[in-house]
Amino acid sequence: MQRALSVTRAQNFPDWYQAIVKEADLAEASPTRGCMIIKAWGYGIWELIQQEMDRRIKATGHDNYYFPLLIPMGFIAKEAEHVDGFAKEMAVVTHHRLKNIDGELKPDPEAELTEPMIIRPTSETIIGDAFSRWITSYRDLPVLLNQWANVMRWEMRTRLFLRTAEFLWQEGHTAHASKDEAMDETFLALELYRAFSEEWLAMPVIAGEKPAHERFPGADNTFSIEAMMQDGKALQAGTSHYLGTHFAEAQDIRFTDKDGERKLAHTTSWGTSTRMIGGVIMTHGDDDGLRTPPTIAPKQIVLIPILRDKPEDEAVIAYAKALGEALRGLTAFGLPVRAHVDLKPGKSADKRWDWVRRGAPLILEIGPRDATNGQVSFMRRDALREGDKLKSHAMARDEFVAQAPALLAEIQRAVFAEAHARLHGNIRTDITSYHDLAAYFGSDEDGGGFKGWVRAPWCRPAGAALDAVVEKLKALKLTIRNAPLDQPATFGPCLFTGQPGVEEILIARAY
RNA sequence: CGGGGUGUAGCUCAGCCUGGUAGAGCGCCAGCUUUGGGAGCUGGAUGUCGCGAGUUCGAAUCCCGCCGCCCCGACCA
């Protein structure tokens with residue numbers, strides 16, 4: 001069977017991922033190492049993610065701010081764990097002028113900065129500095145802010161959307177009078193991400209707390225949402241941190257409480273990034289390209305007029321334009337329907353495959369017969385084929401217009417249901433020992449195939465005992481993703497030690 | 001940053017071992033044919049062979065250095 005992509009998932013999942021990013025016109029590598037050029041379809045998806053995420057962030061009482069890209073180097077040094085976590089991947093700005101030296105353009109040695117700047121890898125330090133000036137009284141709290149920005153981390157190995165040196169994200173930063181309040185905020189953000197991911201990206205996730213060794217540098221608690229990709233690997237799609245008073249101590253974020261005492265503020269931070277697009281690709285993509293969930297499809301309904309250089313072309317174009325106009329007058333997911341008439345010159349078959357690869361949810365092919373009979377021929381991208389053939393539906397024009405929002409909602413439900421079944425059908429709870437874990441994940445060489453996740457109790461060891469567990473998992477290329485928020489009342493024995501378990505964790509291969 | 005691979009037309013790649021005029025398929029352009037679905041025929045255009053230095057009468061090919069990308073590892077809130 002001829003597929004719209006050059007590689008199938010079964011042949012080679014990483015190659016398939018690269019093919020879809022390129023062939024669905026999402027992004028490409030740039031001349032700048034590790035950084036990507038996000039193209040129209042990919043950036044359009046990001047804008048729709050931003051729009052709805054921003055709405056939800058504001059609806060929970062946060063305001064947007066903007067802080068500088070460059071951070072004085074001294075700032076990053078203030079919180080010890082934070083430095084350790086980020087020092088290795090920092091881009092540093094050291095000069096403010098170039099000079100032509102012997103025909104070569106070089107940083108001017110005479111223009112070296114007295115204090116180098118780092119390009120923000122995250123903004124805790126520069127926002128903490130502002131907090132220390134803004135917060136003096138309990139009346140100033142809580143501070144609830146968010147920032148949309150680009151950040152840079154000098155990653156050793158990059159993959160488009162999943163891990164790039166520069167990426168786009170939102171970072172929420174808040175300061176509170178008490179630990180309880182800050183913890184509530186941390187969970188609020190986590191729940192916002194869970195709901196957003198499932199409702200808007202149609203990407204089911206499991207929210208939980210990261211184990212100690214996976215915490216954000218400088219956090220007391222780190223929580224994540226984890227999604228399952230079609231190869232069984234886990235993808236961390238959002239994180240939320242309770243930072244305790246670490247940054248408050250390091251940056252002197254103090255306030256006078258009602259009782260007249262000077263107290264340290266409790267801070268949080270939380271973020272989601274363009275990485276979510278990578279998650280959407282590996283959740284909803286198929287061998288014909290992306291199946292973009294209608295909520296985030298830059299064009300939800302694409303109309304392709306079938307033209308043949310004949311007089312009747314004009315009527316076909318007029319019919320398609322009028323239909324597009326009618327569709328744009330509708331509302332879906334609380335927003336105007338995004339319908340597009342593709343009038344670019346070119347063969348209609350090529351145009352159709354372009355939209356199949358990008359994953360426009362509804363693809364309409366409007367020919368002379370449709371125009372004459374007042375009909376619509378359309379394909380649902382989520383259920384593109386019947387057997388080897390493309391499945392085309394026919395419907396009266398007015399009925400289609402009446403049905404379009406419901407169809408989009410149905411597609412959204414369908415892609416979510418598929419992903420939901422995959423996630424919840426592939427978490428094994430019957431693996432109770434490291435031996436069984438190794439038997440399950442260790443059998444790769446004999447063609448292993450799809451491996452899901454394992455959910456099992458553990459005794460939550462610390463120190464050297466935790467290191468030993470991490471090593472054992474590493475031998476199987478496994479990581480602990482998180483301890484899901486919903487925990488049972490009682491626990492079986494620890495998967496690793498056989499001692500009494502204290503919580504259940506998810507174990508998986510991960511991106 | 002370590003090990004391996006790789007870089008030749010817009011894309012996928014051959015040519016490199018054994019130095020001697022830069023190739024194929026797809027795509028692109030033109031013409032004709034076709035027309036409810038990834039069309040056919042004919043003709044055409046397109047290359048600093050990743051970059052730099054070297055050996056040679058002559059380098060895509062051999063030597064050295066550098067860079068990008070891919071895989072594995074390390075690293076990765």
Side-chain angles (χ1 to χ4, degrees), chain A residues 1-7 12-15 17-19 22-23 28-36 79 81-90 120-124 151 153-160 162-165 167 169 171 210 213-224 235-243 268-273 275 288 304-310 312-313 316 345-357 363-373 375-379 388-392 394 444 474-475 477 479 482 510-511:
Chain A
M1 183 189 349
Q2 197 173 5
R3 291 292 196 172
L5 290 185
S6 50
V7 200
N12 187 327
F13 198 81
D15 282 358
Y17 178 80
Q18 292 201 98
K22 181 174 167 186
E23 294 180 39
E28 63 184 38
S30 72
T32 313
R33 198 205 87 109
C35 298
M36 59 181 165
E79 212 289 323
E81 280 183 40
H82 198 63
V83 191
D84 284 351
F86 284 105
K88 290 184 293 292
E89 50 186 31
M90 216 77 89
R120 66 181 160 218
T122 177
S123 302
E124 272 75 6
V151 289
R153 300 172 188 182
W154 210 263
E155 300 289 350
M156 288 301 172
R157 191 167 151 197
T158 58
R159 312 181 66 179
L160 293 178
L162 296 176
R163 173 166 287 111
T164 45
F167 56 93
W169 77 345
E171 46 180 327
K210 287 280 188 189
H213 65 287
E214 299 273 2
R215 273 180 206 138
F216 176 77
D220 273 356
N221 306 86
T222 287
F223 300 84
S224 71
L235 181 79
Q236 178 178 309
T239 51
S240 179
H241 317 286
Y242 168 61
L243 301 172
T268 81
S269 69
W270 27 278
T272 54
S273 70
R275 179 181 238 206
D288 289 306
I304 304 170
I306 309 289
L307 306 175
R308 300 179 213 175
D309 292 323
K310 290 187 175 173
E312 69 214 39
D313 283 1
V316 173
K347 285 182 265 189
S348 50
D350 291 343
K351 290 201 269 188
R352 177 184 62 231
W353 288 108
D354 284 345
W355 291 112
V356 164
R357 274 185 283 266
I363 300 170
L364 277 54
E365 295 181 308
I366 306 294
R369 283 215 290 274
D370 298 305
T372 309
N373 302 337
Q375 285 221 331
V376 167
S377 307
F378 69 92
M379 285 177 294
D388 288 358
K389 287 185 177 167
L390 297 182
K391 187 176 179 182
S392 187
D444 266 0
K474 203 180 217 175
K477 299 178 183 176
T479 55
N482 67 27
Y511 280 97

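Below, chains carry the letters A, B, ... as their sequence lines are ordered, and counting in each starts from 1.
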Arg308(A), nearest nucleotide to its side chain (from rU35(B), rA74(B), rC71(B)):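 Looking only at side-chain atoms, Arg308(A) lies closest to rU35(B).
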Pick the [atom1] atom in [N] and in [M], then give their distance to the nearest Å.
N: rA53(B); M: rC67(B); atom1: C1'; result: 15 Å
N: rC13(B); M: rU56(B); atom1: P; result: 36 Å
N: rG23(B); M: rU46(B); atom1: P; result: 13 Å
N: rA22(B); M: rC49(B); atom1: P; result: 10 Å
N: rG15(B); M: rC62(B); atom1: P; result: 12 Å
N: rC17(B); M: rG50(B); atom1: P; result: 15 Å
N: rU61(B); M: rU6(B); atom1: P; result: 15 Å

Counting Watson-Crick and G-U wobble pairs only, both distances under 3.5 Å, name the nucleotide matched with [N], or none.
N: rU42(B); result: rA30(B)
N: rG65(B); result: rC51(B)
N: rG58(B); result: none
N: rG23(B); result: rC13(B)

Please classify the nucleic acid contact of [X] as base, sugar-phosphate, or nothing, using heavy-atom distances under 4.0 Å.
X: Ala29(A); value: nothing
X: Lys474(A); value: sugar-phosphate
X: Arg33(A); value: sugar-phosphate
X: Trp169(A); value: base

Charged N-O contact under 4.0 Å between Arg357(A) and Asp354(A):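 Looking at Arg357(A) and Asp354(A), the cut-off is met.
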Distance-only donor-acceptor test (3.5 Å): side chain Ser392(A), base rG36(B):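 Absent.
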